[in-house]
Each structure stands twice: as C-alpha cells, then as structure tokens.
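Just below is one structure, and these are the notes that go with it.
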Amino acid sequence: MKIIVNDFNLKETLLSGQCFRVTEEADNSFTVILFDRIINIKQIDNTIEFVSNNNNNLEEKIIKYFDLNREYNYIYNKLNIDVIMDECISKCKGYKILKQDEFEVCISYIISQNNNVKRISNSINKLCELKGKSVSFNNKVYYLFPTYDEIKDITVEELRSLGVGFRDKYILDFLNKYSNIKEINILSTIDALNELMKVKGIGLKVASCILLFGYSRFDVYPIDTWVKQFISNKYNIKNDQKTIEKFAKDKFGELSGVAIQYMYHSERNIK
DNA sequence: CCCCAGGTCGTCA
DNA sequence: TGACGACATGGG
C-alpha cells in the first residue's frame with residue numbers, strides 16, 4: 001500500500017529517539033511495531049510504501065501514528081519567531097511528533113530515566129518477549145507490547161531480568177495506579193501532568209514525554225540537558241531549570257513541545 | 001576501570 | 001525550597 005505525503009521525513013521521525021522499537025533494514029526501510037501489528041515502511045520521495053501482517057484499517061493506523069493529517073505549516077509559522085527557530089525549523093522539516101500507544105509510552109519513558117537509548121530499547125524488547133503476544137511477519141517473530149492485563153502481575157524478579165534496575169518499583173507503582181491514569185485523556189494538561197507525577201518515578205520530564213509522545217499534547221515541554229544547553233547558549237540566558245521552563249512557555253505557548261523537540265532534534269541528532 | 005545515560009527520590013540544611 | 005548523593009546496569 002502507498003500514501004502520498006508532502007511534508008514528511010520518515011527516517012528523521014523514526015530515528016530521533018521518540019520511539020524505542022524500530023529497526024532500520026538493509027534496504028532503507030523500517031520495521032516498526034505499531035500497536036497490534038508489525039509494519040515495514042519505506043519512503044521514496046513523496047510516497048510512503050508499507051506492508052503489514054494485518055491490513056485491517058492499516059492506512060488509518062499509519063496516518064494516526066505518524067500524525068499525517070496535521071497541518072504542520074501552521075506550526076512552522078507559529079514557531080518561526082526569530083532566526084534561531086528559523087534554522088531549527090528548516091532542519092526539522094518533515095519531522096513529526098509521533099502518536100504512540102499510551103500504555104507503551106508510559107512504561108518506556110519510566111525506563112528511560114537516567115538510561116541510554118540502547119539499554120532502554122533492550123529492556124523494552126525483553127519485556128515484550130516475556131509478556132507480549134508473538135506475531136510472525138516476513139519469516140521473523142516479533143512481540144507486541146504487552147497489555148495491562150498481560151503484565152499487571154509481573155514480579156520484581158521478572159522486572160530485574162529485563163535490566164530495568166532500580167526502576168522496577170516505579171513500574172510496579174505505575175501498574176498499581178493505572179486505573180486512574182487510563183482517564184488522562186479527559187484531563188487538562190496541568191491536571192494530566194500532576195496525575196502522572198503521582199506515580200513514584202515519574203517526574204516532570206518523564207510526564208512531559210508521556211504527554212507529548214503518547215497523547216499529542218503539544219503544550220508540554222520536556223526539558224533535558226540538551227535543550228537547556230541549546231536555549232541558554234543560543235538565547236544567552238541563564239542555564240537554570242526554572243528560567244528555561246518560563247522561557248519555553250512564554251515564547252512558544254501551546255506549541256512549546258514541538259519547539260523543544262525541534263531544538264532537541266537539531267542539537268542532538270543533526271550536526 | 002571509570003564515566004555516563006532524554007531523571008527522580010530521599011534526606012538534610 | 002534548594003542542593004546533593006544514590007540508584008541498577010551495561011555500553012563506550
């Protein structure tokens with residue numbers, strides 16, 4: 001199947017560190033575990049081509065995951081407030097904020113704290129092998145991300161076997177509180193952040209990543225070392241958490257998340 | 001062997 | 001409130 005896309009960069013979007021379960025294949029295509037199925041997807045100019053083990057509503061799932069129906073020109077215009085952002089935007093053109101599975105994003109970003117991408121991916125893959133459903137695709141076996149029911153009884157020993165280390169108790173606390181978190185969609189962004197941060201091991205940064213990458217809340221802004229340095233250097237302001245937070249909120253408002261993500265991406269992934 | 005990783009918690013002033 | 005070490009683990 002094919003879709004015409006006019007402002008999309010598949011590779012940048014998938015390899016930017018938003019999602020942890022993507023494989024780049026030898027033919028420049030990508031294999032992605034997308035909710036309930038496996039897809040292999042490739043971009044050739046303005047076309048994306050994809051195959052899956054499950055074609056039911058496939059196009060719809062792809063459009064949703066890559067957020068292809070959103071008008072990004074509006075975002076570019078809103079964020080283009082100075083030469084610094086102008087450069088960021090031109091570097092990041094076609095780079096989309098993914099709409100990932102909510103449950104998966106919560107656990108993935110709990111694991112991400114004080115951790116590196118390689119280890120995060122390894123732990124998540126092991127979790128899927130241990131608890132998720134297996135799916136055959138292209139003569140290989142893949143594992144879906146487990147549902148809540150599939151992992152609600154996971155033990156500390158099992159978690160440790162995944163290599164999540166001290167984050168084991170954080171995952172358990174999240175699972176205990178999951179019935180409240182399921183309702184996050186209906187909350188305002190501030191309330192949603194606070195609800196997530198009731199979980200031990202979810203602070204402002206992880207909560208913001210969850211809302212940005214799992215719930216398409218573009219008004220949260222996950223600030224890490226990279227972003228802090230970018231902003232304090234380029235805008236010549238104090239490299240301090242509160243100062244940077246205020247700056248992002250005041251400058252970019254409802255689209256702070258996209259602005260921050262563009263900065264992260266151009267600083268971290270594009271040289 | 002030491003350092004670090006898309007942080008957060010608990011503790012002590 | 002604010003600073004600061006501890007935390008599991010394996011890749012570099």
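Residue numbers start from 1 in every chain, and the chains themselves are labelled A, B, ... in the order their sequence lines are given, proteins ahead of strands. Everything quoted here is computed from the prediction, not taken from an experiment. These values consider heavy atoms only, across backbone and side chains, with no hydrogens, waters or symmetry-generated copies.
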Quick check for you: to the nearest 0.5 Å, what is the distance between [X] atom [atom1] and [Y] atom [atom2]?
X: A:Tyr170; Y: A:Leu159; atom1: OH; atom2: CG; answer: 13.5 Å
X: A:Met197; Y: A:Leu193; atom1: CE; atom2: CG; answer: 5.5 Å
X: A:Ile44; Y: A:Lys2; atom1: CD1; atom2: NZ; answer: 7.0 Å

Using distance only, find each side-chain donor-acceptor pair of residues 198-210 of chain A under 3.5 Å and give its atom names and separation, not counting sequence neighbours.
residue	atom	partner	partner atom	Å
A:Lys198	NZ	A:Glu195	OE1	3.1
A:Ser208	OG	A:Leu204	O	2.6

* Structure fact -> DNA chain C: first to last nucleotide in contact with chain A (atom under 4.0 angstrom from a heavy atom), 5' to 3', is C:dC7 to C:dG10

Same-atom distance ([atom1]) from [N] to [M], integer angstrom:
N: C:dG10; M: B:dT8; atom1: P; value: 22 Å
N: B:dG6; M: C:dA3; atom1: C1'; value: 23 Å
N: C:dA6; M: B:dC3; atom1: P; value: 13 Å

* Ring centres of A:Phe8 and A:Tyr72 under 6.0 Å apart? -> no

* **For the student: nearest non-hydrogen atoms of A:Met263 and A:Met85, plus distance** =>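 Minimum heavy-atom contact is CE-SD, 3.7 Å.
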
* To do: Show the numbers, then the answer: is there a side-chain hydrogen bond (donor to acceptor under 3.5 Å, both in side chains) between A:Glu25 and A:Thr31?
  => CA-CA 7 Å; A:Glu25 308 291 353; A:Thr31 302; 2.5 Å; yes

* Determine, for nucleotides 1-6 of chain B in 5'-to-3' order, which nucleotides have protein heavy atoms under 4.0 Å from the base (write B), from only the sugar-phosphate (write S), or from neither (write -). => ----BB

* B:dG7 P sits how many Å from A:Ile244 CD1, rounded? -> 15 Å

* A:Met197 CE to B:dC9 P: how many Å, rounded? -> 9 Å

* Asked: Looking for any heavy atom pair under 4.0 Å, which part of the strands does A:Lys242 touch: base, sugar-phosphate only, or nothing?
  ->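 No contact.
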
* Taking the side chain as every heavy atom from C-beta outward, state whether A:Ile39 and A:Leu58 have any atom pair closer than 4.5 Å. =>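 Heavy-atom side-chain distance check passes, below 4.5 Å.
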
